[in-house]
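Notes follow the structure.
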There are 2 protein chains.
Amino acid sequence: MKSNIINNLNKLRALMKERNIDAYIIPTNDFHGSEYVGEYFKTRSFISGFTGSAGTCVVTTNSAGLWTDGRYFLQAEKELEGSTIDLYRSLEPGVPSIFEFLNQTLGDKGKIGFDGRVVSVDFVEELKNKLASKELEISCQEDLVDQVWENRPGISKEKAFELDIKYAGVDRVTKLNLIKEHLNKLSADLLILTSLDDIAWLFNLRGNDVACNPVLLAYAVIAKTYVKLYVNEGVLSKDLINKLNSEGISVLAYNDIYEDVKLLKDEVVVYQKNRVNYALCSLINVKKVINEVNYTTILKAVKNETEVKNAYYAHLKDGIAVTKFIYWLKTNVGKIYIDEITAADKLEEFRREQENFMGISFETIAGYKEHGAIIHYSATTESKIEVLPKSFLLVDSGGQYLEGTTDITRTISLGELTDQEKLYYTLVLKGHLALSNAVFRNGTTGGMLDILAREPLYNYGLNYNHGTGHGVGSFLNVHEGPQNISPTPRASYPFQEGMITSNEPGIYLPNEFGIRIENLVLCKKHSETNFGKFLCFDDLTLVPYDIEAIDLNVLTDVDKVLIHNYHERVYNALKDYLTIDELNWLNSIKEAI
Amino acid sequence: MKSNIINNLNKLRALMKERNIDAYIIPTNDFHGSEYVGEYFKTRSFISGFTGSAGTCVVTTNSAGLWTDGRYFLQAEKELEGSTIDLYRSLEPGVPSIFEFLNQTLGDKGKIGFDGRVVSVDFVEELKNKLASKELEISCQEDLVDQVWENRPGISKEKAFELDIKYAGVDRVTKLNLIKEHLNKLSADLLILTSLDDIAWLFNLRGNDVACNPVLLAYAVIAKTYVKLYVNEGVLSKDLINKLNSEGISVLAYNDIYEDVKLLKDEVVVYQKNRVNYALCSLINVKKVINEVNYTTILKAVKNETEVKNAYYAHLKDGIAVTKFIYWLKTNVGKIYIDEITAADKLEEFRREQENFMGISFETIAGYKEHGAIIHYSATTESKIEVLPKSFLLVDSGGQYLEGTTDITRTISLGELTDQEKLYYTLVLKGHLALSNAVFRNGTTGGMLDILAREPLYNYGLNYNHGTGHGVGSFLNVHEGPQNISPTPRASYPFQEGMITSNEPGIYLPNEFGIRIENLVLCKKHSETNFGKFLCFDDLTLVPYDIEAIDLNVLTDVDKVLIHNYHERVYNALKDYLTIDELNWLNSIKEAI
């Protein structure tokens with residue numbers, strides 16, 4: 001029995017009873033719709049004991065449930081044991097969704113509570129829609145978990161800093177003017193911005209309030225006549241505040257935005273509905289709201305000249321680190337003890353040796369053999385296994401450098417492979433190469449390119465159940481929009497020169513092995529002809545593929561040329577930064593195909 | 001001066017004046033939204049003198065304009081000369097659209113007239129939208145051109161016939177029951193069907209009211225409790241009417257539907273808004289209308305077992321005819337006089353030799369050299385040129401057989417080619433092969449596959465400005481939905497086993513040459529694995545590619561295998577139906593690559 005969990009649930013139920021709340025919802029989120037959240041925001045983890053990165057807890061007067069997805073079924077089962085909380089395996093047959101559960105559990109009337117700051121407007125709209133047959137009351141003013149949570153970590157207020165123009169490339173005032181021009185075009189008065197990477201990008205600020213994402217907790221209002229930035233006290237230095245003020249930016253207390261938006265009345269307000277929290281939105285009472293993708297998201301995705309130049313440099317440094325790691329791993333496996341955690345640590349060590357390394361860009365996925373088949377595997381001291389001289393170690397990792405963010409996956413052969421392992425590695429590589437080397441017309445979206453990465457696998461009746469690519473920030477979040485590459489016919493955003501996107505096909509055989517190969521690619525102009533403008537990709541990532549895992553029979557001559565050219569490029573880029581042994585090994589890779 | 005055109009315009013203006021109509025619109029359409037229209041419906045051609053297949057004429061009190069697209073600029077210029085009608089080149093820079101023209105031309109108030117039976121609801125909605133700033137009156141009850149047109153051809157009332165079950169595969173009653181089940185699912189009462197191919201398919205009827213399309217002019221109402229078919233008198237034999245009646249189908253006069261729909265009141269009515277004419281829709285005054293793609297269109301696209309079996313047979317016959325034609329052309333060019341028209345006639349002759357040939361499925365496009373670059377070229381006695389023993393003849397043609405509809409393009413080399421001609425032919429062929437041999441997951445749409453056909457061209461900064469594929473009927477219209485293959489990120493309909501689609505990439509160099517290679521492909525199941533269900537295409541078309549036009553240096557080993565396998569298949573299929581000389585030639589093609 002997990003008495004602390006049960007005690008906390010009962011305390012929460014007592015608070016709910018005082019307020020006549022029938023069901024209280026605790027999602028995984030901060031006030032900004034962030035993908036990763038700081039310690040302060042881990043209310044769902046605190047109340048349920050389930051520590052995975054995704055899940056929602058619902059507590060009623062006499063039951064409690066936790067909804068999470070397939071990545072976390074095993075972990076959640078274990079962590080919820082003895083907690084009195086039922087596990088609901090989302091999207092599995094026969095398992096009710098949260099809305100279905102609430103429909104079944106509540107009577108004709110019901111009062112549902114949650115902290116309105118940690119859910120989106122979309123969520124509340126869906127809730128009302130799905131429970132339309134009931135007389136529903138919503139209580140969203142209180143964070144009840146806060147009243148239960150003794151010794152809750154404080155909200156993060158880490159020092160933020162200005163990103164030098166030599167990294168940002170474009171100054172704040174210029175960026176703000178672009179937003180103001182955009183507001184003019186929309187005949188709108190102001191933009192409300194709450195997503196942390198958008199704010200960090202727009203103001204050329206970086207912070208440390210969220211693990212792996214160099215952002216600071218902040219809100220912003222950009223009006224045609226003023227700019228307000230809301231941050232926690234002490235986060236910005238006095239000098240920085242003065243500088244911001246001198247540029248016409250008012251710096252206010254983090255929570256002041258909730259009062260300020262109440263004063264809006266005749267303004268035309270722009271915000272992205274699914275990225276602004278419900279509590280904030282419900283305080284805005286104006287005649288007209290324009291709901292669109294944050295314009296900053298689109299500007300941010302198209303890297304400027306400085307960011308592009310720096311991206312190549314960041315990837316050179318990251319390439320040195322990862323290439324050294326792979327050589328170390330291949331030469332030491334079977335000789336010294338290595339497990340999934342020590343391997344990840346060693347890789348981080350290599351990255352730390354690089355100048356301007358600011359930390360990893362997401363928690364390293366290092367999955368050996370069957371663990372490689374778990375798409376979001378994260379080794380724990382319980383789950384970790386030893387890495388032995390056979391089969392594959394899949395390593396998906398990335399670094400934050402002042403010059404840019406990296407994200408790379410290599411599947412590393414550590415000894416003899418089966419024919420199936422080699423065939424599947426080669427099919428994944430063929431798709432990866434086809435996408436990297438695609439030429440496409442201006443206006444093409446990721447939904448139209450995705451098939452290039454999957455076709456070699458499809459031919460064998462194989463597939464992978466994740467997207468092929470996501471946008472990547474410039475010393476910012478490792479996942480960003482608006483572009484992506486995925487097998488959806490729905491509109492995705494057209495590629496533009498300067499966008500950085502991942503190219504990461506894979507194949508996963510549960511309980512056997514997993515393969516994924518990932519480079520980041522920069523979208524560039526290919527040509528302009530009578531037939532229009534054509535774009536292509538340029539590989540940023542500089543780390544060799546695993547030639548020992550390649551089945552040569554499955555390669556075409558074109559594939560071979562592409563592999564050789566890439567390895568030649570990697571060799572030439574890294575050759576001044578490697579030991580003789582590393583260099584000989586890299587040369588042998590280059591010469592092999 | 002074209003006095004007949006000017007006289008007719010003035011007569012039309014007199015009628016407009018009597019009715020206070022400021023602008024009268026004459027589109028190219030029949031009452032059914034058909035792609036091709038019968039002689040009776042060629043009002044736009046009559047009033048303007050422009051005979052192209054697409055265009056809209058607008059007549060005002062003191063001017064007249066004709067809007068058409070890039071395919072017809074040259075032809076329209078010529079045909080409109082001296083007519084007092086201005087040519088508006090649609091989508092060219094600075095050229096106003098019809099709506100913009102009306103906005104500029106009409107004052108604050110205005111009355112616009114047209115025959116409501118030849119425009120869609122969508123058109124009228126757009127008209128109202130775009131002219132929202134004006135006080136607008138619409139007059140749609142009269143076909144004023146009819147009152148001007150002396151000796152107008154009568155509306156076509158050709159005999160229709162029943163398509164035998166050995167061709168249709170599924171009987172009428174079963175099809176009607178599927179519609180009724182669908183209405184039940186929608187909680188709707190009746191479906192109004194006005195598109196001619198949907199009606200022909202649903203009732204297993206074929207007719208002869210539209211050139212190349214074996215359809216009959218008809219409307220239909222399929223209700224849960226009754227079925228009504230509206231056709232012109234004499235079109236169906238008494239026996240056939242008796243048979244239909246015995247199956248619960250009432251046969252009524254063609255125009256009776258306009259009275260019948262006025263009686264609808266409490267019914268929930270289903271129709272496809274952009275396929276039902278405005279006049280008919282505006283008579284329907286019910287509480288609820290469901291607008292969706294005609295369910296018949298979806299059912300019709302998925303060919304049944306009988307249709308699939310017959311499609312192979314139709315393509316065998318068509319393959320014999322076209323292969324014989326190509327051999328004839330290659331052996332006679334330069335020896336006897338051949339021009340674009342006589343070539344097309346010769347091809348039709350070969351088709352006529354085949355059993356159950358019912359006519360061509362669209363007007364043959366036979367374009368020699370620079371005429372091949374005109375995508376919808378149709379040779380006239382003025383435009384036709386002699387076919388000589390060099391460069392390419394592009395021939396896009398098709399046949400209607402009781403067993404199915406064919407559509408094939410071959411670009412035929414007639415002598416020495418330039419390196420560029422060979423390279424471009426090979427790039428088009430590579431894209432065509434990549435698409436034909438694609439394997440893809442269930443749920444994939446044409447928008448996701450299109451890149452496979454274009455990628456070899458994109459690599460050289462080349463492209464073609466048309467879709468890659470369209471659905472094809474079974475002894476029905478050569479263009480049908482809902483699926484297509486085109487470079488649009490928007491939703492297109494997912495492929496399903498049994499769909500027949502064209503695969504026709506091309507390249508067009510204005511004033512030089514054009515290349516297009518087209519097969520019809522059947523969507524089939526490829527495999528079902530742990531990773532889901534996979535689909536693929538099977539070539540229906542059985543006509544060799546032009547090996548003399550291939551640049552071998554650009555082919556991969558995989559390309560070569562695909563070409564050889566296809567030619568082996570063509571050879572084996574046709575070998576019993578060719579002369580010794582034809583067979584030797586076909587064998588040499590098979591052995592060459």
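All values below were derived from every heavy atom in this structure, side-chain atoms included, with hydrogens, water molecules and symmetry-related copies excluded. Residue numbers start from 1 in every chain, and the chains themselves are labelled A, B, ... in the order their sequence lines are given, proteins ahead of strands.
- Counting heavy-atom neighbours within 6.0 Å of B/Lys560 NZ, excluding the residue itself, gives a total above 12.
- In this structure, no portion of A/Asp450 lies under 4.5 Å from any heavy atom of chain B.
- When heavy atoms are compared at a cutoff of 4.5 Å, B/Asn437 approaches chain A solely by way of its backbone atoms N, CA, C and O.
- Closest non-hydrogen pair, B/Arg441 versus A/Asn463, comes out as CD-ND2, 3.0 Å.
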### Message
Please evaluate residues B/Leu457 and A/Phe531 with respect to the criterion side chain to side chain contact (heavy atoms under 4.5 Å, CB included), reporting the C-alpha separation (whole Å), side-chain torsions for both, the decisive distance (0.1 Å), and the verdict.
### Response
CA-CA 10 Å; B/Leu457 291 163; A/Phe531 298 90; over 6 Å; no
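- We find the OG1-CE distance between A/Thr445 and B/Met448 to be 9.5 Å, quoted to the nearest 0.5 Å.
- Residue A/Asp557 holds its CG atom at 5.5 Å from CG of B/Asp557, rounded to the nearest 0.5 Å.
- Using a 4.5 Å cut-off between heavy atoms, A/Phe534 contacts chain B through its side chain alone, with no backbone atom that close.
- Shown here for B/Ser527 and A/Gly461, the closest heavy-atom pair between the two residues is OG-CA, 4.0 Å.
- Side-chain contact between B/Leu462 and A/Thr529 is absent, with no heavy-atom pair separated by less than 4.5 Å.
- When B/Thr556, B/Ile507, B/Asn459 are compared by the number of non-hydrogen pairs under 4.5 Å with chain A, B/Asn459 comes out ahead.
- Distance check: B/Ile451 CD1 to A/Glu455 CD gives 12.5 Å after rounding to the nearest 0.5 Å.
- Here B/Leu452 is the residue among B/Leu452, B/Asn465, B/Val558 with the most heavy-atom pairs under 4.5 Å with chain A.
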